[in-house]
Asks: 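What follows is a structure written as structure tokens; I'll ask about it next.
Chain letters run A, B, ... following the sequence lines, proteins first, then strands; residues in each count from 1.
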Amino acid sequence: MAKEKPSIPKGTRDFSPEEIAKRNYIFDIIRETYNLYGFKPIETPAMENLSTLMGKYGEEGDRLIFRILNSGDFLSKANKTDLNAGDSQKVSAQICEKALRYDLTVPFARYVVQHQNEITFPFRRYQIQPVWRADRPQKGRYREFFQCDADVIGSDSLFNEFELVKIIDQVFDKLGISVTVKLNNRKILAGIADYIGFADKITDITTAIDKLDKIGLEKVNEELKDRGLTDTAVDALQPVLLLQGEVKEKLASLRNTLQTSPTGLKGIDEMEELFTLLEDSSTKCKVELDLTLARGLNYYTGAIIEVKANDVAIGSICGGGRYDDLTGIFGLPGVSGVGISFGADRIYDVMQESGLFPEGVLTFSKVLLVNFGKEEQSYAQKILFKLRDAGISCELYPEASKMKKQMQYADKNLIPFVIIIGKNEMETGKLAVKNMKTGEQVMMDAETIVSYLNQNHKLSRN
RNA sequence: GUGGAUGUAGCUCAGCAGGUUAGAGCAUCAGAUUGUGGUUCUGAGGGUCGUGGGUUCGAGUCCCAUCUUCCACCCCA
């Protein structure tokens, strides 16, 4: 049999215990915060019906959806003409009924519609699961990655947007990542497109302006013209692109410019309300209005949210926005939702690069009990279970190896305490408790060990 | 989907005018030290040089293809 070199698909990764520990640290902080804000968890399957996903993410998005081949004699169901013509596009739709989920928002919309009679609105849910995209891997870009979504559906109130920004602020503060939250509003963008006379080209306009800080004003203008805008339209757009100043000033100026566009004015009202809420309850991170922010899938209709790390160049690490009619596609119109999504894998990369993971995350066992032999082991066992009863993670070295080896094991596994139980200790009842970080060793009886460890553990936790 | 770089031991890399048995550091394992780790010393194991073809007397080294990873574009967490 030919030897097969083990490997995993492009853009996917294995996770070691250490990596899981670090990732869980991120998940825990996000989950705690979601819980604190009263969100409830759900999960949905890794695969959805292809038709549920198609057409929700734009043309590019459709291309990036991983499709799942039907089982059995799937080719017999394919249209022979398309097959012979080599039309992969058409054939794949005929032989794939399922696909891996591309994000968590669309499956959530599907969930809401499907379970609408069990749900009490407004519904606050969160969801932490992997998603898949058939993208070409790059820095901070994977084909399988975790999203951590929180959405409020069934409420138009801008208080929801406000709370989501507060969550973002709190999560990144706890993680120790310095970030800037950028906000914009699709209605303002629509108003701008309307104002320059190209309401139908809003997608082209937004994707072009989105690149402003990346390729510069001139290139953006070029691209706008390439995408079919007239010179006068591009000229009319300039004051908007170059808008400077405080949030209030920007909005006032826009209000003047967009006075003929009811949609634009609505967007400005919304942003004003949101920023007023944010002013009354200050955030630790910077929150700014960025009119060039056009990101977001094409189902966004109101607020657009994006978060960038200030110290690491990696693209956005959290994004979100309001979608007014995502559930309408599945037969439940008139329900508005707003949500955010933390990109756990990018957050991981940022934390790794900036050395932000606390030391303690890699500690699994808090205590190792040294094993010297049969008698010592049975004595140590009692201590072992006593510690576990007290909620202290610990392990007993399973065989009577050399002490050096056992100490090395504790060292390599970053176990902060070692308890040594030999003949002497068994006779006196005083056990040797060694702090592996300081090297200091204290003799104490079994009764005091638990409180000693708890105390020291808290101290070292910082 | 487009363009560019990369691939030698578990990891980081050396080796190249094509020429015997492919090297180093770190890591691993064992010993020095049969009750004390993170330092030191000694030794050992570990590679079909990403994969498949081709050129050549001879290829880790040159050519082609393919895959991986990385970088940029597109797009995005």
Asks: For RNA chain B, please output the secondary structure as dot-bracket, reading 5' to 3'. Pairs are Watson-Crick or G-U wobble, both atom distances under 3.5 Å; mark crossing pairs with [ ], other-strand partners with |, unpaired with a dot.
Replies: (((((.(..((((.....[...)))).(((((.......))))).....(((((..]....)))))).)))))....
Asks: Near RNA chain B, counting only heavy atoms under 4.0 Å, which residues of residues 16-32 of chain A show up?
Replies: none
Asks: Listing time: all N or O pairs from protein to nucleotides 4-9 of chain B that are below 3.5 Å?
Replies:
none

Asks: Round to the nearest Å and state the distance from A/Ile215 atom CD1 to B/C74 atom P.
Replies: 7 Å
Asks: Does B/A72 have OP1 or OP2 sitting under 4.0 Å from an N or O in the side chain of A/Gln138?
Replies: yes
Asks: Between B/C74 and B/G19, how far apart are the two C1' atoms, rounded to whole Å?
Replies: 48 Å
Asks: Atom NZ of A/Lys10 to atom P of B/U66: distance rounded to whole Å?
Replies: 12 Å
Asks: Kindly say whether A/Tyr452 contributes a backbone atom to a donor-acceptor pair with the side chain of A/Gln455 at under 3.5 angstrom?
Replies: no
Asks: Ion pair present between A/Arg63 and A/Glu60, side-chain N to carboxylate O less than 4.0 angstrom?
Replies: yes
Asks: Under 4.0 Å between any heavy atoms, over every strand shown, what does A/Gly373 touch: base, sugar-phosphate, or nothing? Just pick one.
Replies: nothing
Asks: Classify the angle between the aromatic ring planes of A/Phe123 and A/Phe108 as parallel (below 30°), tilted (30 to 60°) or perpendicular (above 60°).
Replies: tilted
Asks: Sticking with atom C1', work out how far B/C64 lies from B/U55, rounded to a whole angstrom.
Replies: 11 Å
Asks: Identify whether NZ of Lys or CZ of Arg in A/Arg133 sits under 6.0 Å from the centre of the six-membered ring of A/Phe66 and within 45° of that ring's axis.
Replies: no
Asks: Check whether any side-chain N or O of A/Thr301 sits under 3.5 Å from a backbone N or O of A/Asp324 as a donor-acceptor pair, and report yes or no.
Replies: yes
Asks: Between A/Gly343 and A/Ile8, which residue's closest nucleotide on RNA chain B lies nearer the 5′ terminus?
Replies: A/Ile8
Asks: Name all residues meeting the side-chain hydrogen bond (donor to acceptor under 3.5 Å, both in side chains) criterion together with A/Thr52; count only those two or more places apart in sequence or in a different chain, and write none if there are none.
Replies: none
Asks: Using the P atom in both, what is the distance from B/G4 to B/A77, to the nearest Å?
Replies: 29 Å
Asks: Looking only at atom P, what distance separates B/C57 and B/C13, rounded to whole Å?
Replies: 37 Å
Asks: Name the one of A/Phe15, A/Phe27, A/Tyr348 that satisfies side chain to side chain contact (heavy atoms under 4.5 Å, CB included) with A/Lys22?
Replies: A/Tyr348
Asks: Looking at the base of B/A77, is there any donor atom on it, or on the side chain of A/Arg141, that sits under 3.5 Å from an acceptor on the other one?
Replies: no
Asks: State whether the side chain of A/Arg67 and the backbone N or O of A/Ser92 hold a donor-acceptor pair below 3.5 Å, judged by distance alone.
Replies: no
Asks: Suppose you measure atom P in B/U20 against the same atom in B/U61; what distance do you get, rounded to whole Å?
Replies: 14 Å
Asks: Please report the distance separating the C1' of B/C49 from the corresponding atom of B/G15, rounded so that it comes out in whole Å.
Replies: 11 Å
Asks: What's the CD1-P distance between A/Ile314 and B/C76, to the nearest Å?
Replies: 17 Å
Asks: Whole-Å distance between B/A77 C1' and A/Gln127 CD?
Replies: 15 Å
Asks: B/C70, B/C73, B/C71: which one has an atom nearest the side-chain heavy atoms of A/Lys214?
Replies: B/C73
Asks: Treating primed atoms plus P, OP1 and OP2 as sugar-phosphate and everything else as base, which nucleotides of nucleotides 31-37 of chain B get B, S or - for protein heavy atoms under 4.0 Å?
Replies: SB--BBB
Asks: Using whole Å, what does the distance between atom P of nucleotide B/A77 and atom NZ of A/Lys308 come to?
Replies: 12 Å
Asks: Any donor-acceptor pair under 3.5 Å linking the side chain of A/Arg322 with the backbone of A/Gly339?
Replies: no
Asks: A/Gln94 and side chain to side chain donor-acceptor pair (under 3.5 Å): which partner among A/Asn70, A/Asp82, A/Asn79?
Replies: A/Asp82
Asks: What's the gap between B/A17 and B/U12 when it is taken at their C1' atoms, as a whole Å value?
Replies: 28 Å
Asks: What integer distance in Å separates A/Glu60:CD from B/G1:C1'?
Replies: 8 Å
Asks: Heavy atoms only, 4.0 Å cut-off, all strands: where does A/Gly61 land among base, sugar-phosphate and nothing?
Replies: nothing
Asks: Can you tell me if A/Asn49 uses its side chain to pair, donor with acceptor, with the backbone of A/Lys98 under 3.5 Å?
Replies: no
Asks: Between A/Thr438 (side chain only) and A/Glu440 (backbone N and O only), is there a donor and an acceptor less than 3.5 Å apart?
Replies: yes
Asks: State which residue, out of A/Asn24, A/Ile29, A/Ile30, fulfils the side chain to side chain contact (heavy atoms under 4.5 Å, CB included) condition with A/Ile26.
Replies: A/Ile30
Asks: Specify the separation, in whole Å, of atom CZ of A/Phe66 and atom P of B/G1.
Replies: 11 Å
Asks: Excluding sequence neighbours, so at least two apart, what forms side-chain hydrogen bond (donor to acceptor under 3.5 Å, both in side chains) with A/Asp194?
Replies: none
Asks: Under a 3.5 Å distance rule, please check whether A/Tyr34 uses its side chain to pair with a backbone N or O of A/Cys148 as donor and acceptor.
Replies: yes
Asks: What is the nucleic acid contact for A/Cys148, judged by heavy atoms within less than 4.0 Å: base, sugar-phosphate only, or nothing?
Replies: nothing
Asks: How far, in whole Å, is B/U68 from B/U51 if one measures between their C1' atoms?
Replies: 10 Å
Asks: Without decimals, in angstroms, what is the distance between A/Asp135 CG and B/G1 C1'?
Replies: 10 Å
Asks: Taking A/Gln406 for the side chain and A/Ser401 for the main chain, is one N or O donor matched with an acceptor at less than 3.5 Å?
Replies: yes
